[in-house]
2 protein chains.
Amino acid sequence: MTKLTLERVAELAGVSRSTASRAINGQDGVRPEIRRRVLDVVEITGFVPHAAARSLAGQRSNILGLAIRQTTEQVFSDPFFAGLVQGISGACNAQDQTLSLFLLQSADGEDRLPVRMLRTKLVDGLIVTATFTDDPLVWQLSESGIPFVMVGEAGQPDLSSVEADNDGGAALAARHLLELGRRHMATVTGPLRNSAAARRLLGFERALAAEGVPLDPRLVAEADFTEEGAYAATVQLLDGAPDAIFAASDRMGVGVMRAVKDAGLHVPDDVAVIGFDDLSPALETEPQLTTVRQEVAQLGTVAVDLLLERVRTPEVPPRRVELPTTLVVRGSTVPTAQREVLVR
Amino acid sequence: MTKLTLERVAELAGVSRSTASRAINGQDGVRPEIRRRVLDVVEITGFVPHAAARSLAGQRSNILGLAIRQTTEQVFSDPFFAGLVQGISGACNAQDQTLSLFLLQSADGEDRLPVRMLRTKLVDGLIVTATFTDDPLVWQLSESGIPFVMVGEAGQPDLSSVEADNDGGAALAARHLLELGRRHMATVTGPLRNSAAARRLLGFERALAAEGVPLDPRLVAEADFTEEGAYAATVQLLDGAPDAIFAASDRMGVGVMRAVKDAGLHVPDDVAVIGFDDLSPALETEPQLTTVRQEVAQLGTVAVDLLLERVRTPEVPPRRVELPTTLVVRGSTVPTAQREVLVR
DNA sequence: TTGTATGCGTTATCAT
DNA sequence: ATGATAACGCATACAA
């Protein structure tokens, strides 16, 4: 059996390579009847174009890279990442792109990836996540000229990026707690080098201040987005006797609740707890965690869209997308009995 | 600035393309002096060969795929996976292979991946994880002829695969508990469709039976490798008043310990608990979890080695590697005070 | 609308 | 040891 190439398909369909190519790639300017014939042959033979050849000739690999700057341990224990990758992977499939993962953990890998990926032309573009506000990778990438988008804050101005409305979301949390009559708010933040963590703190502070209930600095504890970290932070915070704690992620919310309970306090009667994300951990607590929902998977979808935009039409300027957040009220702030149907 | 290609490098080094190529690829048959000159030019210019061109001409993409059959949610919350990917990724870097992730979650994706990946020649081979004993993907792959290796049990005979010695590990656990004088053993298993889960149960049972302490079927509960699942399973098991519980993973061990404690029982006095993996969750309990250690990252390393073996020398038959496990004694079976230095 | 011819950047074969 | 040259499989500008 002769190797199955475009040439062979064209032959079987009785057309030229170019026509076959056009038919297969859905370009127009090919008679419907001919197109059918070609596609039939493709169907029957199971032809799939050779990735490398296509890439070489077409100047495009149809591979998108996901550059991950956290340790594998972090990545693979963070439900946020699960949702994000879910979204990215789904969008890639839908757009016929292959997703390639790059773990950027090792010190030497840090400057190897840019050079390799960029020049090698393996990927058409990169989605970069979880950078810190002054991540060198970012300017390395922008210098290199490879198309890329950020999930999270773009340290630099002229970059495409997607992010949830962290300020707004945190403000939702703040106002919800205020409405419940809480006045001694505390918050467990993520690592403040992380812009999302910083903005959630900022949004929370501002919203409180706007209502004349300034946040006591002693009731702010920085943690690391893990349950354990949040637990430890909360233990400290409890000295200040807060009546509400805003955790910058659901996972941390779980830790906060555990600490509160272990201190012999009741949630929400003594301390109301609210998280951020609306991912699975929020449902695993008792009572369930009130939280600020962000559409994590959609973050991934948008990231892919933005990236393809940069890849396909480099001339249109980069843009930043900010996805809305919503409040999801559960038992950790309002006992079930007292709650109307606030969430559809 | 003219495009940086092999041609250009050759020109700058004053040699032919072929020589430049050989020098760069470390092939022999090129004078040391010449090689130096070429490599210098490479160094200075920062030349990196074009992936697609190399792939097209060389019949090899140097991309390895990791096919994941679990939901993203599962994958990104399982510390086992973190370690595995860590190992795989590291080995890929070390061997100059690019790692590409394929999430095989959607129903339609299931038969799309094989066809696409295989024919497209994008990857040289695939590492497949976490299949069930009769996973259709496995025979689809073996039919297709693409080189691949399994992490876990190979349903079929003639496949390369890596796995920890699950039977042996479970036996270690069993004997340890017996030595401690426990006689009413219980176990929380993983999903028994999963071969690793099945073997851990089997190994545990057998080792007990061999010592004349058969496992009471009522003291076996199947869970799903999650903490919550294990918690629920343990609640059931406790009715049978076991004095020791073997959890088929550390993560489940955490759930088991929580359940035991919540039942007002003491670990290890009332119930000894032992896990499997020796991953981070084992250290997060109080007391820390005794466990059967498997070298998760090495699993990944070996998988890559096996795969490259299949890719580069298809003629040598596939082989199965089984990695040894070791017992790591901690407080959940032996109080610190009573413990010698068993772990270095 | 279709076909022809050329180029993509590298490796591999075959001389030299 | 080195160089010329032919693949590799496809896309695309151009011609028809």
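Letters go in sequence order (proteins before strands), and every chain restarts at 1.
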Please check this pair: side chain of B:S21 against backbone of B:R17, looking for a donor-acceptor N/O pair closer than 3.5 Å.
no
hbond_proxy B:R22 side chain to D:dG3 base (donor-acceptor, 3.5 Å cutoff):
yes
Which part of the nucleic acid, if any, lies within contact of B:L6, taking any heavy atom under 4.0 Å across all strands shown: a base, the sugar-phosphate backbone alone, or nothing?
base
Any side-chain N or O of A:S18 below 4.0 angstrom from OP1/OP2 of C:dG3?
no
Write out all pairs satisfying salt bridge (Lys or Arg N to Asp or Glu O under 4.0 Å) with one or both partners inside residues 298-314 of chain B, taking only residues at least two apart or from two chains.
B:E309-B:R319
Expressed as a whole number of angstroms, how long is the span from A:K3:NZ to D:dG9:C1'?
9 Å
Measure CD1/A:I24 against C1'/D:dC10 and give the value in whole Å, please.
10 Å
Distance below 4.0 Å between B:S16 side-chain N/O and D:dT2 OP1 or OP2:
no
Heavy-atom donor-acceptor pair, B:R17 side-chain to C:dT10 base, under 3.5 Å
yes
Gap between atoms CD and P, on A:E7 and D:dT12 respectively (whole Å)
17 Å
What does B:G58 touch in the nucleic acid at a heavy-atom separation under 4.0 angstrom: a base, only the sugar-phosphate, or nothing?
sugar-phosphate
Which residue lies toward the 5' end of DNA chain C, A:A57 or B:A57, if each is placed at its nearest nucleotide?
A:A57
Is the shortest distance from a Lys or Arg side-chain nitrogen in B:R320 or B:E322 to a carboxylate oxygen in the other one below 4.0 Å?
yes
To the nearest angstrom, the NZ-C1' distance between B:K121 and D:dG9 comes to 10 Å
Just how far, in rounded Å, is C1' of D:dT12 from CZ of A:R60?
13 Å
Using side-chain contact (heavy atoms from CB on, under 4.5 Å) as the criterion, list what pairs up with A:E11, not counting sequence neighbours.
A:R8
Rounding to a whole Å, what distance do you find between B:L56:CG and C:dT10:P?
12 Å
What does A:Q27 touch in the nucleic acid at a heavy-atom separation under 4.0 angstrom: a base, only the sugar-phosphate, or nothing?
sugar-phosphate
On DNA chain D, more 5' by nearest nucleotide between B:Q59 and A:T19 is B:Q59
Can you measure A:H50 atom NE2 to C:dC8 atom P for me and round it to whole angstrom units?
19 Å
Name the residue closer to the 5' end of DNA chain D, choosing between A:P49 and B:I34 according to the nucleotide with the nearest heavy atom.
B:I34
Taking B:T313 for the side chain and B:V316 for the main chain, is one N or O donor matched with an acceptor at less than 3.5 Å?
no
Rounded distance in Å - CZ (B:F47) to P (C:dG9)
10 Å
